[in-house]
Protein chains: 2
Amino acid sequence: MVRYHKQTRILVAIDCIIFGFDGSELKLLLVQRGLEHEKGKWSLMGGFIQKDEDFVEGSARILNELTGLEGVYMEQLYAFGDVNRDPIERTVSVAYFALIDIHKYEKQLNEDYHAEWFPIKDTPKLIFDHQQMVDMAKEKLRYKAAFHPILFELLPEKFTLPQLQSLYEGIFDYQFDKRNFSRKLQSTKLLVKQKDKDKESSKKGAFYYKLDKRRYAANFHAFLNLIPNPGNLK
Amino acid sequence: MVRYHKQTRILVAIDCIIFGFDGSELKLLLVQRGLEHEKGKWSLMGGFIQKDEDFVEGSARILNELTGLEGVYMEQLYAFGDVNRDPIERTVSVAYFALIDIHKYEKQLNEDYHAEWFPIKDTPKLIFDHQQMVDMAKEKLRYKAAFHPILFELLPEKFTLPQLQSLYEGIFDYQFDKRNFSRKLQSTKLLVKQKDKDKESSKKGAFYYKLDKRRYAANFHAFLNLIPNPGNLK
DNA sequence: AATATTAATTGTAAAAAAAACACTTATTAT
DNA sequence: ATAATAAGTGTTTTTTTTACAATTAATATT
């Protein structure tokens with residue numbers, strides 16, 4: 001086989017930033033590093049890309065090996081290439097981020113794995129440049145969520161408007177007017193009102209909604225103004 | 001030195017998508033490939049990342065080696081990792097895109113280099129997955145330009161409102177109302193009217209404007225609604 | 001010197017979208 | 001029967017966006 005001579009070949013890793021929502025706050029999934037160096041320290045789900053797998057396959061494999069999770073929505077975030085980002089040996093890392101409903105994957109994510117959810121506002125010190133990755137992922141999530149209906153990936157199939165609003169409020173760290181919020185989200189036509197209510201969090205109960213799957217698929221990339229005052233974003 | 005054993009090390013390339021504006025249309029800078037395989041075919045500026053350089057250094061070096069250009073604004077686009085994207089040997093590529101004023105770099109980009117500008121709507125067949133890279137870069141440019149004052153990177157220091165408008169019209173392939181366009185761009189407070197006029201393209205002449213550098217730096221990441229009907233974007 | 005030509009410049013009114021704001025309702029607990 | 005709690009709902013005001021056409025400055029023509 002013909003090859004490119006005299007070029008440096010480098011380790012290529014994939015690191016996954018997994019965001020989850022438990023109904024009240026945004027969380028981050030971390031594992032304790034198994035490799036020797038920095039063993040036991042908290043880390044993103046990471047691993048090296050293999051000879052015959054592309055990034056999509058690699059990220060799915062790494063996530064599955066470390067957490068047991070499967071079928072999770074993932075999106076490329078950024079490639080990190082600082083020369084000394086891994087002190088052992090130069091490693092380029094392609095970071096992916098994922099959004100999941102914590103409860104949906106509760107059983108998959110069992111004790112066989114040393115993965116643990118941390119509130120996004122209270123995470124432990126991370127190895128390498130993983131904190132930088134998390135910060136960038138948070139920023140991208142906020143940016144994207146302001147204009148695209150992406151946060152539904154964090155919710156269970158059935159959810160209430162108050163739940164949806166507190167998810168948005170958690171992510172944007174801002175209190176929205178519930179009348180305006182409701183009107184805006186309803187105007188996307190993505191929500192289908194159910195006949196039953198969630199009676200957990202109030203006496204009156206809040207009607208469940210489901211996503212209109214067809215419209216959701218069609219509007220996933222569409223531009224919607226989902227939050228007030230987007231001018232504050234960067 | 002400690003190393004990670006039994007892991008595959010892979011070639012890591014950087015490919016640069018260079019957009020330029022000549023005052024009337026958007027163009028793409030391409031080179032004829034120097035390496036053996038597919039030699040002579042048109043290609044993005046590309047090269048392998050070296051042992052001791054990060055992506056920023058690498059992209060600047062590659063761009064300079066192939067075009068003589070220096071000091072160009074670059075931004076990471078996406079990492080491409082398909083197993084067979086380079087038929088010679090597996091190569092991961094981190095794509096960067098750049099925006100430049102063609103005339104500003106006319107002299108740097110001399111005949112020593114086999115780089116050539118092509119109208120974005122009429123580019124030759126490209127090697128590997130470079131067309132995919134270009135398509136993604138175009139999409140990202142449109143998306144970003146709709147909300148951030150990024151297109152000024154394509155313009156000379158002094159420019160007129162009609163020039164600015166035709167740049168936007170070229171990129172969005174849409175005719176804007178000049179009264180509304182002018183008002184919207186002026187409302188960003190980024191433009192400083194000059195006392196002299198460009199007399200090239202009309203009898204009356206059009207006043208030059210310059211960027212307010214301070215405000216530009218402060219607003220580069222700010223969210224502005226720069227085009228009508230952003231809802232059409234994805 | 002008057003007139004025609006060309007493209008730049010400027011304003012206003014109508015429509016749509018966003019923001020501000022508070023009371024009623026359903027249900028459970030007392 | 002009443003109190004307590006959180007869900008649900010409408011209207012007005014303000015802001016933003018859109019649609020639309022006449023005037024002006026400079027040059028070219030007669």
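Convention: sequence-line order gives letters A, B, ...; per-chain numbering from 1.
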Asks: For B:R85, does its backbone N or O pair with a side-chain atom of B:D82 as donor and acceptor, under 3.5 Å?
Replies: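 It does not hold such a pair.
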Asks: If you draw a 6.0 Å radius around NZ in B:K189, do more than 12 non-hydrogen atoms from other residues or ligands fall strictly inside?
Replies: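 No - once you tally the heavy atoms of other residues, nucleotides and ligands closer than 6.0 Å, there are 12 at most.
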Asks: Is there a donor N/O on one and an acceptor N/O on the other, under 3.5 Å, for the side chain of B:K178 and the base of C:dT9?
Replies: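 Under the 3.5 Å cut-off, the side chain and the base do form a donor-acceptor pair.
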Asks: In whole angstrom, what separates A:Q165's CD from D:dA7's C1'?
Replies: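 Answer to the nearest Å: 11 Å.
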Asks: Given atom CG of A:L164 and atom P of D:dA6, what is their separation to the nearest angstrom?
Replies: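 Whole-Å distance recorded here is 19 Å.
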Asks: Whole angstrom is fine here: how far is it from NZ in B:K203 over to P in C:dT6?
Replies: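 Rounded to the whole Å, the gap is 6 Å.
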Asks: Reading DNA chain D from 5' onward, which residue's closest nucleotide shows up sooner: B:K184 or B:G205?
Replies: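 First, find each residue's nearest nucleotide; the 5'-ward one identifies B:K184.
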Asks: Counting any heavy atom closer than 4.0 Å, what does B:S201 reach on the DNA or RNA strands: base, sugar-phosphate only, or nothing?
Replies: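 The answer is sugar-phosphate, as B:S201 gets under 4.0 Å only of primed atoms, P, OP1 or OP2.
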Asks: Whole-Å distance between C:dT27 P and A:E200 CD?
Replies: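 Distance check: A:E200 CD to C:dT27 P gives 16 Å.
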Asks: Just how far, in rounded Å, is P of D:dA25 from CG of B:D196?
Replies: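 Result: 18 Å.
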Asks: Starting from the 5' end of DNA chain C, give me the residue, A:K197 or B:S202, whose nearest nucleotide shows up first.
Replies: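 Upstream on the strand: B:S202.
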Asks: Find the distance A:D198:CG to D:dT5:C1' and express it as a whole number of Å.
Replies: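 Computing the A:D198:CG to D:dT5:C1' distance gives 14 Å.
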Asks: Measure CG/A:N180 against C1'/C:dC21 and give the value in whole Å, please.
Replies: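 Taking CG of A:N180 and C1' of C:dC21, I get 9 Å after rounding.
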Asks: Any N or O donor-acceptor pair linking the side chain of A:R183 to the base of D:dG10 at under 3.5 Å?
Replies: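 Yes, the side chain and the base share a sub-3.5 Å donor-acceptor pair.
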Asks: Looking at the base of C:dT27, is there any donor atom on it, or on the side chain of A:K199, that sits under 3.5 Å from an acceptor on the other one?
Replies: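 Donor-acceptor pair under 3.5 Å: no.
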Asks: Could you tell me the separation between the CG atom of A:N225 and the C1' atom of C:dA17, rounded to a whole number of Å?
Replies: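 That distance rounds to 9 Å.
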Asks: Relative to the ring of A:Y209, is the ring of A:F159 parallel (under 30°), tilted (30 to 60°) or perpendicular (over 60°)?
Replies: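 Rings of A:F159 and A:Y209: parallel, under 30°.
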Asks: Any donor-acceptor pair, under 3.5 Å, between the side chain of B:K204 and the base of C:dT6, if you only look at N and O atoms?
Replies: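 No.
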Asks: Is the centre of the B:F80 ring less than 6.0 Å from the centre of the B:F128 ring?
Replies: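 No: the rings miss the under 6.0 Å criterion.
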Asks: For the NZ atom of B:K140 and the CG atom of B:D135, what is their distance to the nearest 0.5 Å?
Replies: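 Reported to 0.5 Å precision, the distance equals 15.0 Å.
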